[in-house]
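So that the names make sense, note that chain A is the first sequence line, chain B the second, and so on, each numbered from 1.
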Amino acid sequence: MKESAPAWLYEMVHRAVEQRFHTDPKKLKLRIAINHEEGKGDFTVYVFPLAGILRQPPEEIARALGDYLSSHSEEIEKYEAVKGFLNLYLHPAAWRAQFYTIAQTPQYGHRPESGKLALVEYASPNTNKPLHLGHIRNIVLGVAISRILQSQGWRVRTTQVVNDRGIAICKSMLAWQRWGQGKGPNDYRPPIKGDKLVGDFYVLFSQKFDEEYEQWQQSEEAQRIYRKYGDGKDPKAFFRSYKNTYFQQHSPLARQAMDMLRAWEAGDLSVRALWQKLNAWVLEGIEQTFRRLDARFDKVYYESEVYQLGKAYVLQGLKEGLFERQDDGAVVVDLSAEGLDRRVLLRKDGTSLYVTQDIGIAYLRQEEFQPDAMLYVVADEQEYHFQALFAILKLLGFPSAEGLYHLSYGMVELPHGRMKSREGTVVDADDLMDEVVRLARQESEGRGELEGLPEEEKERIYEVIGMAALKYAILRVGAKKKMIFNPEESIDLQGQTGPYIQNAYVRICGVARKLGVTLEEEVGYSDTYAPEGVEIALIKQLSEYPRALQQSAEEYNPAVLASYLYQLARSFHRFYHEQPIVQAETEAARRFRWQLCRTTARIIKDGMYLLGMEVPERM
RNA sequence: GGCUCCGUAGCUCAGCCGGAUAGAGCAGCUGACUUCUAAUCAGCAGGUCGCAGGUUCGAGUCCUGCCGGAGUCACCA
């Protein structure tokens, strides 16, 4: 539903309803939609509600309203009444005025600061492996929604929680200790990124563990277990399902990893030193990837520092009777009133869990920032977790419980299925970015528009184009939808893509060079030019920008803005094709069209920035 | 099994707090570069909006049931 008619049009129609029908327009919720297709007018007023109240045929009402409007206002050029639809056509001069309002509004589409603060958590990497395609989706969404909220008056602070402890990092630590020959990232040639190095040892652990498990399956002990629990199943199937138990109970390798975890928790100095060394390597590597994706964080939480924090709040809740202690000592909460189950908040040995930690972090943030809203950009597999977390926080009387929101997004899958890091079927984030930039370079070199530019400048442009292709491909689909990503076909550079939008900006820069002006320069307006066809279509698109931004923010959905920018670029490309600018028939036309270009460029740049993309001046 | 999400053109997706003949892109076919960048534009072709009911002047959109796919329902994170 598009409610993007300008305010003055609403007022005009409301006034007409009041005077012509003596009905209070505020009770009606009259809809006025802008139309981009031909043949339905510029705007459509839906008169069904009015017809219902007056108990008259919709078409008659529409005609009466149209008569009144066209004789009482100079903006309306003509109208058509079709059934309950009143199609209004605006006079070209009205469109010109509408456009000038847009062109002269600084920060068009943005809203003034409301003073409200939103905290956005995203990225949240693990320190045992490099970032992959799933993280890219997360980060791209996180960056975009942060900036979009900001444009709508929110103060925004970004945070991440680094998963730097637990059994996974211990696996990497153990494998590196045993097989890493003491070599760090810079001991290789060429040097390896730290996150890659540690990730390789994580994979190596899995391989060694698998080998160990294979061998063990031949052992007397394994055969005995199979006979006892195998239930006559196929041995292969049985041992596949037994893998976890093997890890817990039999594996010498796993035992060492778990010993390491225990030693870490006990604060063992040498284990802590090893942990710190590997973590530092990984974080440095990940930081590089973050920079390339424009991920910035105002506050970083390390799980190793906060994972115990929630306990106090759980115990407090226990005292207040919100939670209960089971016979075995575990603290649980009954969420059946919320349609959820019982959740354990503290283990019987008193240690905390993932939820416990998130409760603690929420309170910590509350103290530090007093946010009005908290957004968690996290994959949809954790939807249940966040439902429970939010319900528990509400129960505890958490201050901004109403402002909690899980921006959940679907998994990114490969054509063959889910990505599994242990199986090596992941698309590495850095590799993917290199690949799209390579494609951009290839494409660009093929057309040779950048010849003569210094190499460094060219590379920067390839980067900007490639990253836009990647980011746009992710942002244009609704977050909830799971994405199937085909690395072979990779990313399009033609059609509904980031580069398509960038190309509109590049074309405008080309016009500017030809005209000998800059985008910033004021060149004056024409008061006589009457815009037509493609020009009006472009103005209509421009006037939808505020709506797109607002909707994007309210729905926490960058895809709305992404698809808007495509529409805008499309209208521009069409206009550019049909209307000469530098060679315009008259001075008035040239000025007007250049203003149109300039404003379009401004909005494209602004919108692309809000989505986390840059625009080049050439491509 | 409970809950959540998804099902729209060959493929990838918009549209979903009800509106007119359901929109794009890719792939396919036809045209447009001595002109401001053809990463573009114009056109053709492609649809029982998963199925069945219901509400409504009007349903891809809302309600109910069913079918298919995914996720989740851990004292893992």
S.K.: Could you tell me the separation between the CZ atom of A:Arg574 and the P atom of B:rA32, rounded to a whole number of Å?
M.R.: 20 Å
S.K.: Taking only nitrogen or oxygen atoms into account, show me every contact under 3.5 Å that the protein makes with nucleotides 20-23 of chain B, one pair per line with its distance.
M.R.:
residue: B:rA20; atom: N6; partner: A:Thr44; partner atom: OG1; Å: 2.8
residue: B:rA20; atom: N6; partner: A:Asn87; partner atom: OD1; Å: 2.9
residue: B:rA20; atom: N1; partner: A:Asn87; partner atom: OD1; Å: 3.3
residue: B:rA20; atom: N1; partner: A:Asn87; partner atom: ND2; Å: 3.1

S.K.: Closest to the A:Val582 side chain: B:rC57, B:rG7, B:rC36?
M.R.: B:rC36
S.K.: Expressed as a whole number of angstroms, how long is the span from A:Gln583:CD to B:rU37:P?
M.R.: 12 Å
S.K.: Would you indicate, yes or no, if B:rA14 has its OP1 or OP2 atom less than 4.0 angstrom from a side-chain nitrogen or oxygen of A:Arg476?
M.R.: no
S.K.: Using a cut-off of less than 4.0 Å, is there contact between a side-chain N or O of A:Lys480 and OP1 or OP2 of B:rG71?
M.R.: no
S.K.: Select base, sugar-phosphate, or nothing to describe what A:Gly510 touches, counting heavy atoms under 4.0 Å on all strands.
M.R.: sugar-phosphate
S.K.: A:Phe572: which residues meet the ring-ring contact (aromatic ring centres under 6.0 Å, His included) condition with it, sequence neighbours left out?
M.R.: A:Phe575, A:Tyr576
S.K.: On RNA chain B, compare the nucleotides closest to A:Val355 and A:His577; which residue's is nearer the 5' end?
M.R.: A:His577
S.K.: Reckon A:Glu59 touches a base, only the sugar-phosphate, or nothing at all at heavy-atom distances under 4.0 Å?
M.R.: nothing
S.K.: Determine the contact category for A:Leu353: base if any of its heavy atoms lies under 4.0 Å from a base atom, sugar-phosphate if only primed atoms, P, OP1 or OP2 are that close, otherwise nothing.
M.R.: sugar-phosphate
S.K.: Measure CZ/A:Arg342 against P/B:rC3 and give the value in whole Å, please.
M.R.: 21 Å
S.K.: Calculate the interatomic distance between A:Ile491 atom CD1 and B:rG25 atom P; express it in whole Å.
M.R.: 18 Å
S.K.: Checking A:Glu383 now: which residues fulfil salt bridge (Lys or Arg N to Asp or Glu O under 4.0 Å) with it, not counting sequence neighbours?
M.R.: none
S.K.: Output the rounded distance in Å from NE2 (A:His573) to P (B:rC41).
M.R.: 6 Å
S.K.: Give A:Gln494 one of three labels, base, sugar-phosphate or nothing, depending on what nucleic acid heavy atoms sit under 4.0 Å from its own.
M.R.: sugar-phosphate
S.K.: When all nucleic acid strands are considered with a 4.0 Å heavy-atom cut-off, which category describes A:Tyr500: base, sugar-phosphate, or nothing?
M.R.: sugar-phosphate
S.K.: Going by the rule salt bridge (Lys or Arg N to Asp or Glu O under 4.0 Å), which residues pair with A:Lys243 if we only count those two or more places apart in sequence or in a different chain?
M.R.: A:Asp210
S.K.: Under 4.0 angstrom, heavy atoms only, what part of the nucleic acid is A:Pro58 near: base, sugar-phosphate, or nothing?
M.R.: nothing
S.K.: For residues 584-593 of chain A, pull every pair meeting salt bridge (charged side-chain N to carboxylate O under 4.0 Å, His left out), keeping only residues two or more places apart or in separate chains.
M.R.: A:Glu535-A:Arg593, A:Glu585-A:Arg593, A:Glu587-A:Arg590, A:Glu587-A:Arg591
S.K.: Within less than 4.0 Å of OP1 or OP2 of B:rA38, is there a side-chain N or O belonging to A:Arg507?
M.R.: yes
S.K.: Does A:Val506 reach a base, just sugar-phosphate, or nothing at all? Heavy atoms under 4.0 Å.
M.R.: base
S.K.: Side-chain polar contacts of residues 559-567 of chain A - donor-acceptor pairs under 3.5 angstrom, sequence neighbours left out - could you list them?
M.R.:
residue: A:Tyr564; atom: OH; partner: A:Gln541; partner atom: O; Å: 2.7

S.K.: Name the nucleic acid region contacted by A:Gly478, choosing base, sugar-phosphate or nothing; use a 4.0 angstrom heavy-atom cut-off, strictly under.
M.R.: sugar-phosphate
S.K.: Go through the structure and list residues passing side-chain contact (heavy atoms from CB on, under 4.5 Å) with A:Ala391, not counting sequence neighbours.
M.R.: A:Leu335, A:Glu338, A:Leu340
S.K.: Can you run through RNA chain B from 5' to 3' and write each base as (, ), [, ], | or . depending on how it pairs? Watson-Crick or G-U wobble, both distances under 3.5 Å.
M.R.: (((((((..((((.....[...)))).(((((.......))))).....(((((..]....))))))))))))....
S.K.: What distance, rounded to whole Å, do you find between the two C1' atoms, one in B:rC41 and one in B:rU35?
M.R.: 14 Å
S.K.: Is A:Ile465 touching bases, backbone alone, or none of the nucleic acid, heavy atoms closer than 4.0 Å?
M.R.: base
S.K.: In whole Å, what is the span from the OH atom of A:Tyr576 to the P atom of B:rA42?
M.R.: 15 Å
S.K.: Might you confirm whether atom NZ of A:Lys605 has over 12 heavy atoms from other residues, nucleotides or ligands at distances under 6.0 Å?
M.R.: no
S.K.: NA contact type, A:Glu80, heavy-atom cut-off 4.0 Å: base, sugar-phosphate, or nothing?
M.R.: nothing
S.K.: Should we say atom CD of A:Glu521 is surrounded by more than 12 heavy atoms from elsewhere, each under 6.0 Å from it?
M.R.: yes
S.K.: Nearest-Å distance, CD1 (A:Ile508) to P (B:rU40)?
M.R.: 15 Å
S.K.: Considering every strand and a 4.0 Å limit on heavy-atom distances, what is the contact class for A:Thr351: base, sugar-phosphate, or nothing?
M.R.: nothing
S.K.: Among B:rA77, B:rU37, B:rC75, which nucleotide sits nearest the side chain of A:Tyr354?
M.R.: B:rA77
S.K.: Using atom CG of A:Asn503 as one end and atom P of B:rA38 as the other, report the distance to the nearest whole Å.
M.R.: 8 Å
S.K.: Just to verify, what does A:Tyr122 make a ring-ring contact (aromatic ring centres under 6.0 Å, His included) with, not counting sequence neighbours?
M.R.: A:Phe297
S.K.: So that I can tick it off, tell me whether A:Glu303 and A:Arg165 are bridged by a salt bridge, with the cut-off set at under 4.0 angstrom between side-chain N and carboxylate O.
M.R.: yes
